[in-house]
Amino acid sequence: MAPFMLCVICAFMLAACEESDSGISEIDIEAPTGYSLSAGTSTIFSTSSFAYDSEAEWVTGDLKKRFMRGDKLYDDARTSGNGYGGGLGPVYAGYSCGSCHRNAGRTRPALWEDTEGSGAYGFSSMLVYVTRKNGVFFQDYGRVLHDQAIYGVQPEGKLHVTRHYETFSFPDGDTYELCYPEYTITEWYADSVRPEDLFCSVRIPLRHVGMGQIMALDPGEIEALARKSNYPEWGISGRCNYIVERGRRQLGVGGNKAQHADLTVELGFSSDMGVTNSRYPEEICEGQRQMEQGSMMGLLYDELDISTEDMEDVDLYLQCLGVPARRGVNKKTVYRGEQLFYQAGCQLCHATTLHTRPRGTTLLKGTQLPWLGSQTIHPYSDFLLHDMGSEIMGVGLNDNYVSGLARGNEWRTTPLWGIGLQEKVNGHTYFLHDGRARNFVEAIMWHGGEGEASKNKFANMSRDDRNALIRFLESL
Ligand code: HEC
Ligand code: HEC
């Protein structure tokens, strides 16, 4: 325990010596002990670009070996060959987990960087969900658009973006701009799907901060929060998503619509990369017309592309990641920003404190991680679904895409822990499910529906107060 406490003290001392942006030392305030410990004993004190991608202190010995192995399986680019490290495609969306979740974060969304309306022929790092307007999948395409393919195979289609911009004013006269990206898909490999028949929802990857803690959440605590999360004066009422798989009903906690009850390691390998496994033994392109041709049949091997042992190491890697401690917690502006965060009701959804269940978590093949149990954590999320509105710029955050019980306008509150390091880790500040917000102000100003009242509190603040609230977000 002693070296651990020492780290905490060091972190405070470092924070105390830091200078503010203006070069003037800020007056420090007394922060309560344990204040910056985002995830109990899994809290780490890295502020480097590896802050999301470093193991917790309790990861030693054999656990550490498996962590390193999982990290490698996660990051190494897969090949189209058969055997270890192979199995990519024939069609896919990314070539390794890390290709989209660089440094266990959010790979800079390449498509977003392209010039107006240009074709995105490169790799996007985004996931594109496609369905018919009646909710049924397109038979030849499945759930996710695979815009990449191995040599000799046609990608399913290509994604394009057109951006719409609008300038708005805060009550004090300051202006901000919002950008709404509209997506279209061309070069459908089989049918030409008509845009009017299609719903297309685009997602940028999520940060992996706190995956183990999220898996160790106590469903009872989240369900109690859903019963309690009813603030009529704010227009807020969160609800749970549930996933039924093989007759088992589980609380959804992962993904932008809380559409996942587990870490989706098997789904990631199968659906995102075409790597078959025990849970998803079929190739994602199975049944596609191009695969029925004799020359393509050789690409579909009978054996599974990755073993459950290997996937358990990836699971272990994700759940053993440390959660970065907050920085600058005793800076006056940061503290002021935190008070404003509460005044604006942000914590009514971005819940500050939760607890993990006593037994911790169990990985894919039964390995136990008791270290994740009985921890007080600060994820800044209630893991509930909220209606985020459909009004702003005529669309709001509604994507019309249904996931389990989540409707098009409903989203899981994104956990904010570690968000202040995203720029350091991934080199960008794109936020929200499709990365449409280019900075914190835009992310907040896209909040509508249940988030409307809270957003308006922020909009009505003085410029200094808005900046202080953002300084607080940067400290997470
Ligand atoms: C093509 C890019 C891409 C690839 C490849 C990819 N992911 Fe993801 N991942 C995403 C996106 C985008 C999301 C958000 C999905 C959503 O909410 O609909 C996501 C979500 C997740 C989540 C849920 C995170 C949370 O906070 O709830 C986990 C866990 C995850 N991915 C793990 C993996 C693993 C493990 C692999 C490799 C086996 C992988 N991903 C491969 C893009 C990718
Ligand atoms: C009604 C619930 C609710 C309230 C209140 C709320 N949020 Fe959110 N917040 C959400 C949801 C849901 C999302 C995810 C929306 C999406 O991705 O489309 C989100 C996303 C965000 C993001 C982007 C996170 C990321 O990594 O992409 C930030 C930043 C944020 N909120 C800050 C705030 C602040 C600051 C306040 C108070 C002014 C606030 N929120 C109030 C529900 C809420």
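For the numbers below, each heavy atom of this structure counts, side chains included, while hydrogens, waters and symmetry mates do not. Note that ligands are numbered from 1 as they come in the structure, with each ligand's atoms numbered from 1 the same way.
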task = For D172, check side-chain contact (heavy atoms from CB on, under 4.5 Å) against everything at least two apart and list the hits.
result = F170, D174, R463, R466

ask   = Got an N/O contact under 3.5 Å between H447 and ligand 2?
value = yes

ask   = Which of parallel (below 30°), tilted (30 to 60°) and perpendicular (above 60°) describes Y74 and H208?
value = perpendicular

query = So W188 and F138, would you call those rings parallel, tilted or perpendicular, with 30° and 60° as cut-offs?
reply = tilted

message = Out of all atoms in ligand 2, which are within 4.0 Å of some heavy atom of E450? Include the element for each.
response = 1 (C)

request  = State the atoms of ligand 2, each with its element, that fall below the 4.0 Å cut-off from a heavy-atom position in G345.
outcome  = 5 (C)

request  = Sequence neighbours left out, what passes ring-ring contact (aromatic ring centres under 6.0 Å, His included) with W417? Give chain and number order.
outcome  = none

query = Would you call E245 and R279 a salt bridge, using N to O less than 4.0 angstrom?
reply = yes

inquiry  = Do the side chains of K257 and E410 get close enough for a salt bridge, i.e. N-O under 4.0 angstrom?
reply    = no

query = Of the backbone and side-chain N, O or S atoms of C349, does one lie nearer to atom 8 (Fe) of ligand 2 than 2.8 Å?
reply = no

query = Is atom 8 (Fe) of ligand 2 less than 2.8 Å from at least one N/O/S atom of H350?
reply = yes

Salt-bridge present (R102, D53; N to O < 4.0 Å) = no

inquiry  = Tell me whether ligand 2 is touched by L348 - counting only heavy atoms on the residue side and a distance under 4.0 Å.
reply    = no

message = Show every ring-ring contact (aromatic ring centres under 6.0 Å, His included) that has at least one partner inside residues 220-239, sequence neighbours left out.
response = none

key: Distance filter under 4.0 Å to L397 heavy atoms, resulting ligand 2 atoms   = 18 (O)

task = Flag the pair Y141 / Y189 as yes when their ring centroid distance falls below 6.0 Å, and as no otherwise.
result = yes

request  = Determine the minimum heavy-atom distance between C346 and S454, stating which atoms define it.
outcome  = N-OG, 3.8 Å

task = Considering the heavy atoms of G451, write down every atom of ligand 2 situated less than 4.0 Å from one of them.
result = 1 (C)

Contact partition for L469 relative to ligand 2, non-hydrogen atoms under 4.0 Å = side chain

query = Taking both backbone and side-chain atoms of L432, is any N or O found less than 3.5 Å from an N or O belonging to ligand 2?
reply = yes

Output block, N or O contacts of ligand 1, threshold 3.5 Å exclusive:
from     : atom 1 : to   : atom 2 : distance (Å)
ligand 1 : 7 (N)  : H101 : NE2    : 2.9
ligand 1 : 7 (N)  : D272 : OD2    : 3.2
ligand 1 : 9 (N)  : H101 : NE2    : 2.9
ligand 1 : 17 (O) : N256 : N      : 2.7
ligand 1 : 17 (O) : N256 : ND2    : 2.9
ligand 1 : 17 (O) : Q259 : NE2    : 3.4
ligand 1 : 18 (O) : Y129 : OH     : 2.8
ligand 1 : 18 (O) : R203 : NH1    : 2.5
ligand 1 : 18 (O) : Q259 : NE2    : 3.0
ligand 1 : 27 (O) : G255 : N      : 2.7
ligand 1 : 31 (N) : H101 : NE2    : 3.0
ligand 1 : 40 (N) : H101 : NE2    : 3.0

salt_bridge(D399, R203) N-O dist < 4.0 Å = yes

